[in-house]
Amino acid sequence: PRLCQCGGSVTSAPTLRFGTHLSFTPCVHTKHSHTPASTCSSEAIFAYQKALDLKPNYMRAWTNMGISFANTGDYDKASRFYARALSLNPQAVHVWGYLRTAIACAGRIDLMDVVDGRDISAVSSALPLMP
């Protein structure tokens, strides 16, 4: 195993490619590592932000940013990234599920009916979208 930037022991990981201008090898920890997920999530957030700088309508990067923020415990911010992803593809059933989980973890039970209704306009009004 090698050490990643966050100091955790990692195994070989495939390199993620975002077009021809950006690649990133994520931190994939072995089962013996006790490095907090939030440390590696910050690496992922940096990589996905670079991808979004190059391709702002990359729905998958918006979704993965939400996952990364959820991993750090910032469910409110994760919800906003999921909402942005859904504004690009409201039929992404899995992202609706991520959004529902994030708003529950953030304690925003008041938004449950809005999310369950899968109305992206209502979600956008309730959760200002990330730029």
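Bear in mind the structure is a predicted one, so any value in this text is a computation, not a measurement. Worth knowing before you read on, the calculation uses all heavy atoms, side chains too, and leaves out hydrogens, waters and symmetry mates.
- Remark: Arg60 CZ to Leu88 CG distance equals 14.5 Å, nearest 0.5 Å.
- Dense packing is recorded around CZ of Arg118, with more than 12 heavy atoms of other residues, nucleotides or ligands lying under 6.0 Å away.
- Atom CE of Met59 sits about 11.0 Å away from atom CZ of Arg84, to the nearest 0.5 Å.
- Side-chain contact between Ser79 and Arg108 is absent, with no heavy atoms from C-beta onward closer than 4.5 Å.
- Put simply, CD1 on Ile45 and CG on Asn64 are 11.0 Å apart, with the number rounded to the nearest 0.5 Å.
- Taking 4.5 Å as the limit, some side-chain heavy atom of Thr101 sits within range of a side-chain heavy atom of Cys105.
- Looking only at side-chain heavy atoms (C-beta outward), Asp76 and Arg80 come within less than 4.5 Å of each other.
- Here the side chains of Ile103 and Ile109 are not in contact, with every heavy-atom distance at 4.5 Å or above.
- A heavy-atom distance below 4.5 Å is not found between the side chains of Val123 and Leu86.
- The line from CD of Gln91 to CD1 of Ile120 is 10.0 Å long, rounded to the nearest 0.5 Å.
- Surrounding CG of Asp116 are more than 12 heavy atoms belonging to other residues, nucleotides or ligands, all under 6.0 Å away.
- When all heavy atoms are compared, the tightest approach of Gly66 to Ala78 is O-CB, 3.2 Å.
- The minimum heavy-atom distance linking Ala102 with Tyr75 is given by the pair O-CB, 3.4 Å.
- Under the 4.5 Å side-chain criterion, counting only non-hydrogen atoms from C-beta, Val95 is not in contact with Arg100.
- Between Phe81 and the choices Tyr48, Tyr58, Trp62, the ring-ring contact (aromatic ring centres under 6.0 Å, His included) rule is met once, by Trp62.
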